[in-house]
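Treat the numbers as computed from the prediction; the structure is a model and nothing was measured.
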Amino acid sequence: MEKATVPSIHMEKLLFTTEETLPENYFSYKDNLIGSLLAIFGHLIISIGLNLQKYSHVRLAGSKDPRSYFKTKIWWLGLLLMILGEIAVFSSYAFAPLSLIVPLSAVSLIASSIIGIIFIKEKWKPKEFLSCGLAVVGTYLLITFGPNSHEKMTGENIVKHLVSWPFLLYMLMEILAFCFLLYYYKQKNANYLLILLTLVALLGSTTVITVKALAGMIIVSIQGTMQLGYPIFYIMFVCMVATAVAQASFLAQASQLYDSALIASVNYIMSTAFAISAGAVFYIDFRNEDVLHLCMFALGCLIAFLGVFLITRNRKKAKAFEPYVAITSMPGKNTIFVGHCQKLG
């Protein structure tokens, strides 16, 4: 009987040892692919939802239907798709590095442009196909050469990053820059687009950090190691909500002063750049990456930036229409859907 129990004891020790020696930092192309596909799917669904809502507005404006837009089935279907897309994008942060997921929001603008032809019958010029092609090529390079550094999102790891001196220095610089720009904007009445969107980007870099922490801790909890008892989880949640609301406020102010197409492109470029830098500092996304991957990832970002800029460049605001800007507080990322609809009522 004693000999029979020896193998089981050794097996328990082996399993226990194996579980403890799992690396905290690891590389996984599978996780990168899952995160990228979730992000692309989420942004695509969000774009479809936004276009459905826009279609609902346009159809009601061109008919004698007295109903409000929020009483139509199409509008609610669009809202449901947006919620599903938000969940998918949120989940993607738990699998892939922050610096890889954030630039993939370009998919939303690409999809909105293509779907606009189907739903709204928008006319395209040949150069707009080139713009979407550039954005697609940039997205491909981002996925192929994106960072592949993964870390188990436990409460201890997040606190460790939070109190690291590189991040504390980074946050100090961001807070000083934010306070200076906010003072200049409020006291000097400097309603420049660059100032407003820099404020949005600074807030967004904090939002994406909190979103990845929350998504990662939820996934780790689902896998069996409960993380929801850590105070850092709720601190991150409060920070996420506060910064997302502040971003929406500044974007709403910008949309009243500037063309929504210009806001969409500049906001994407600035928010992505700040978010990548935040991921590099807080989560050390680019650890152990070679020069080739860094250069190709940077090239992918530049091509995606150029594609998004060209997509929105030629969209001019028509006088007979008012800009329809739908701002969704996606996980760590504000998406501006650019379109035009007739005034209701």
Checking Asp290 now: which residues fulfil side-chain contact (heavy atoms from CB on, under 4.5 Å) with it, not counting sequence neighbours? Leu292, His293

Would you call Asn32 and Pro97 a side-chain contact if the rule is heavy atoms closer than 4.5 Å? yes

Tell me every residue that passes side-chain contact (heavy atoms from CB on, under 4.5 Å) with Val136, counting only those two or more places apart in sequence or in another chain. Ile110

Where do Ala280 and Ser99 come nearest, in terms of heavy atoms and distance? N-OG, 4.0 Å

When clusters are formed by joining ILVMFWY residues with side-chain heavy atoms under 4.5 Å apart, either directly or through shared neighbours, do Leu182 and Met173 land in the same one? no

Please determine whether residues Phe180 and Phe274 belong to a single hydrophobic cluster, defined as Ile, Leu, Val, Met, Phe, Trp and Tyr linked transitively by side-chain heavy-atom distances below 4.5 Å. yes

What closest approach, in Å, do Glu86 and Ile46 show between heavy atoms, and which atom pair accounts for it? N-CD1, 3.8 Å

Which pair of non-hydrogen atoms, one from Ala304 and one from Leu142, has the smallest distance, and what is that distance? CB-CD1, 4.4 Å

Shortest non-hydrogen contact between Met296 and Phe145, atoms and distance: CB-CG, 3.4 Å

Could you measure the distance from the CD atom of Gln256 to the CG atom of Leu196? Nearest 0.5 Å is fine. 10.5 Å

Flag side-chain contact, heavy atom, 4.5 Å: Ile263 against Leu251: yes

Where do Leu262 and Thr312 land on the side chain to side chain contact (heavy atoms under 4.5 Å, CB included) test, with the steps shown first? CA-CA 7 Å; Leu262 178 62; Thr312 59; over 6 Å; no

Distance from Leu52 atom CG to Trp76 atom CH2, nearest 0.5 Å? 14.5 Å

Check for a donor-acceptor pair, side chain of Ser47 on one end and backbone N or O of Ser108 on the other, with a separation under 3.5 Å. yes

Might you confirm whether atom CZ of Phe233 has over 12 heavy atoms from other residues, nucleotides or ligands at distances under 6.0 Å? yes

With a 4.5 Å cut-off on side-chain heavy atoms, are Ile303 and Leu141 touching? yes

Verdict with supporting geometry, Asn191 and Asn189, side chain to side chain contact (heavy atoms under 4.5 Å, CB included): CA-CA 6 Å; Asn191 298 324; Asn189 198 28; 3.3 Å; yes

Contact check, side chains of Asn157 and Glu151, non-hydrogen atoms, under 4.5 Å: yes

Check side-chain contact (heavy atoms from CB on, under 4.5 Å) between Ser164 and all other residues, then give those that pass, not counting sequence neighbours. Pro166, Phe167

Qualifying residue for side-chain contact (heavy atoms from CB on, under 4.5 Å) with Gln53, from Ile74, Leu81, Leu79: Leu79

Ser277/Tyr170 under side-chain hydrogen bond (donor to acceptor under 3.5 Å, both in side chains): CA gap, chis, key distance, verdict: CA-CA 9 Å; Ser277 64; Tyr170 177 82; 3.1 Å; yes

So how far is it from Phe178 CZ to Leu203 CG, rounded to the nearest 0.5 Å? 4.5 Å

When hydrophobic residues are tied together by side-chain contacts of less than 4.5 Å, even through go-betweens, does Val89 share a cluster with Met217? yes

When you look at Lys30 and Ile34, which way does the side chain to side chain contact (heavy atoms under 4.5 Å, CB included) test go after all the steps? CA-CA 6 Å; Lys30 179 182 177 181; Ile34 293 173; 4.1 Å; yes

Under a 4.5 Å cut-off applied to non-hydrogen side-chain atoms, are Tyr192 and Leu181 in contact? no

Under 3.5 Å, is there a donor on one side chain and an acceptor on the other for Ser205 and Glu174? yes

Do Leu294 and Ile143 share a hydrophobic cluster (ILVMFWY, side-chain heavy atoms under 4.5 Å, transitive)? no

Using modelled atom types and a 3.5 Å cut-off, is there a donor and acceptor pairing between side-chain atoms of Tyr283 and backbone atoms of Ala213? yes

Which of these passes side-chain contact (heavy atoms from CB on, under 4.5 Å) with Phe282: Leu98, Ile209, Val208? Ile209

Under 3.5 Å, is there a donor on one side chain and an acceptor on the other for Gln227 and Thr154? no

I'd like to know whether OH of Tyr185 has more than 12 heavy-atom contacts from other residues, nucleotides or ligands below 6.0 angstrom. yes

Main chain of Met240, side chain of Thr243: is a donor-acceptor contact present, judged purely on distance under 3.5 Å? yes

Kindly give the heavy-atom pair with the smallest separation between Gly85 and Ile45, and that separation in Å. N-CG2, 4.0 Å

Quick check with a 6.0 Å cut-off and a 45 degree axis cone: is Lys188 positioned over the face of Tyr183's six-membered ring? no

Side-chain contact test, heavy atoms from C-beta onward, threshold under 4.5 Å: evaluate it for Ile101 versus Phe95 and give yes or no. no

Between Val238 and Thr210, is any pair of side-chain heavy atoms under 4.5 Å apart? no

Is any side-chain heavy atom of Glu156 less than 4.5 Å from a side-chain heavy atom of Tyr230? yes

With respect to Ser92, which candidate in Val211, Leu37, Leu38 satisfies the side-chain contact (heavy atoms from CB on, under 4.5 Å) definition? Leu38

Leu168 and Val281: same hydrophobic cluster, using ILVMFWY side-chain contacts below 4.5 Å? no

Please check if the side chain of Thr198 supplies one atom and the backbone of Leu194 the other of a donor-acceptor pair under 3.5 Å. yes

Given side chain to side chain contact (heavy atoms under 4.5 Å, CB included), test Ile232 with Leu162 step by step and report yes or no. CA-CA 10 Å; Ile232 190 64; Leu162 196 61; 3.6 Å; yes

Holding to ring pair (Phe, Tyr, Trp, His ring centres under 6.0 Å), I want the full list of residues that pass it with Phe305, two or more places apart in sequence or in another chain. Tyr268

Listed partners of Phe286 passing ring pair (Phe, Tyr, Trp, His ring centres under 6.0 Å), at least two apart: Phe297

In short, Ser271 meets Val200 closest at the heavy-atom pair OG-CG1, 4.3 Å

Under a 3.5 Å distance rule, please check whether Tyr93 uses its side chain to pair with a backbone N or O of Ala215 as donor and acceptor. no

From CG (Leu100) to OG1 (Thr144), nearest 0.5 Å: 10.0 Å

Taking atom types as modelled and ignoring hydrogens, do the side chains of Ser255 and Ser260 form a donor-acceptor contact shorter than 3.5 angstrom? no

Can you name the side-chain contact (heavy atoms from CB on, under 4.5 Å) partners of Ala177, sequence neighbours left out? Leu202

Can you tell me how far the OH atom of Tyr234 sits from the SG atom of Cys239, to the nearest 0.5 Å? 15.0 Å

Please report the interatomic distance CD1(Ile158) to CG(Leu214), rounded to the nearest 0.5 Å. 7.5 Å

